[in-house]
Amino acid sequence: MDLEQREISAETITPTFVEYFGQKPTVVAASPGRVNLIGEHTDYNDGFVLPMALNNINVVAVAPSPTGKHRWVGSLGDTIIEIDPADATKPGDPFWSNYVRGVICMLERRGIKVPPVDMLIDSNVPRGGGLSSSAAFEVSVCTALSALCGADVTPTERALIGQATEHEFVNVPCGIMDQFISANGKKDHALMLDCKDLSYNLIPMTDPSVSVLVIDSAVKHSLADGGYAARRKNCEDACAILGVPSLREATLEMLEAKKAELGDLCFRRARHVVGENLRVAAFAEAVQKGDWEAAGVAMRGSHASLKDDFEVSCAEVDTLVSLSDTIPSAASVYGARMTGGGFGGCIVALVKSEDVEKVAAEMLDAYREALGIETTYLVTRPGEGARVLAQA
Ligand code: GLA
């Protein structure tokens, strides 16, 4: 994965679209990847998450197809795949087309009939690094297609369509966080989402003295591998023992009271979720006050809990997080943690802006020295959520 950014926009995708299809796109839409600042594995437990949108985007250009068939190109340089309209709402090959098929199916379930389209997709959201390239894909397809159909599909509805696509067409039992932030993100703001009722607060992140640093562990993750689904199951089992509808309703006292019945595994899984919800609240308060030290404490606590109680980190990611404490410029790092589903992917750190490039360089050097792995980083600020870039 390469975290460096290649510029993409309506201007860059349009000429390629014309080359493929001999017509101009009617709509070009974009939707971003995300980095989660805190609140991990809480979304499917009706809890709180606090992600921000990236400036890395998935761009989708569409126009009605004159051929009566769908014609899609999955990424620049690929060949066109042709799909019969009757098959476009069913899972099928190639695998990536399921992201589009799912969205078309979910739109049709809402009474929005999508005509056969010519579609070209381009993205600069790194794949497989826990930065939600798939959510960006689903939400941008949904944004483009609903604009093409003149249908008023709210951002939250687009997020739900993306999530249903993951569940039914991609076989990933994800929560709502990634699609939600991709659809609803706001430039210069993080977003604190209550996953129980999908209400949210935008939290300004405009302090120029602090930067968000994302570093790739270069370990690929896949949420379809079973570890994610297993964690969901542990949480459901814990709820059944505690007699609560979701871990949102549990407290640390309740866990202690039923410690023996829960058993070590479910106890630790549940303790992570309950504690993480508290850390999200503490982090939000700290950011609002500009208390970056306190924000960093919550991030470190989050990582420790994900590593020891939820067990979704891995050695490489743990190494990166530990190095943020020992590099020469460690004093400029407020806090660091793994981000996303886990089992690889990236870490996110809050760093003093004046030292962020120095910290990044030291981290890359130290990581190479420790594990012999070359990697990349991204210094970023909160980007904008899904939007139509151009419409004819
Ligand atoms: C993945 C899922 C999200 C969320 C995170 C963990 O990114 O897609 O719904 O569960 O893992 O916080």
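In listed order, ligands and their atoms are each counted from 1. All figures in this text were calculated on a predicted structure; none of them were measured in a lab. All values below were derived from every heavy atom in this structure, side-chain atoms included, with hydrogens, water molecules and symmetry-related copies excluded. Residue numbers run from 1 in the order of the sequence given.
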Under a 4.0 angstrom heavy-atom cut-off, which atoms of ligand 1 come close to [X]?
| X | answer |
| --- | --- |
| Tyr44 | 10 (O) |
| Met177 | 4 (C), 5 (C), 12 (O) |
| Gly175 | 9 (O) |

Of the listed options Thr339, Asp43, Val312, closest to atom 4 (C) of ligand 1 (non-hydrogen atoms)
Asp43

Suppose we call two aromatic rings close when their centres sit under 6.0 Å apart. Are Phe169 and Phe95 close by that rule?
no

With a 6.0 Å cut-off on ring centres, are Tyr200 and Phe180 close enough?
yes

Considering residues at least two apart in sequence or located in another chain, which fulfil the ring-ring contact (aromatic ring centres under 6.0 Å, His included) criterion with Phe21?
Phe17

Mind checking whether Arg34 contacts ligand 1 via backbone (N, CA, C, O), side chain (CB onward), both or neither, at a 4.0 Å heavy-atom cut-off?
side chain

With side-chain hydrogen bond (donor to acceptor under 3.5 Å, both in side chains) as the test, would you mind laying out the steps for Ser302 and Arg337 before giving the verdict?
CA-CA 7 Å; Ser302 170; Arg337 55 179 292 278; 2.9 Å; yes

Between [X] and ligand 1, does any nitrogen or oxygen pair lie at a separation below 3.5 Å?
| X | answer |
| --- | --- |
| Thr42 | no |
| Cys174 | no |
| His41 | yes |
| Asp178 | yes |

Taking Ser182 for its side chain and Pro32 for its backbone only, find out whether a donor-acceptor pair lies under 3.5 Å.
yes

Does Glu285 pair with Lys289 as a salt bridge, N-O distance under 4.0 Å?
yes

Acceptor/donor pairs from residues 144-154 side chains to any protein atom, 3.5 angstrom cut, sequence neighbours excluded:
residue, atom, partner, partner atom, Å
Ser146, OG, Cys142, O, 2.5
Ser146, OG, Thr143, O, 3.4
Thr154, OG1, Glu157, N, 3.1

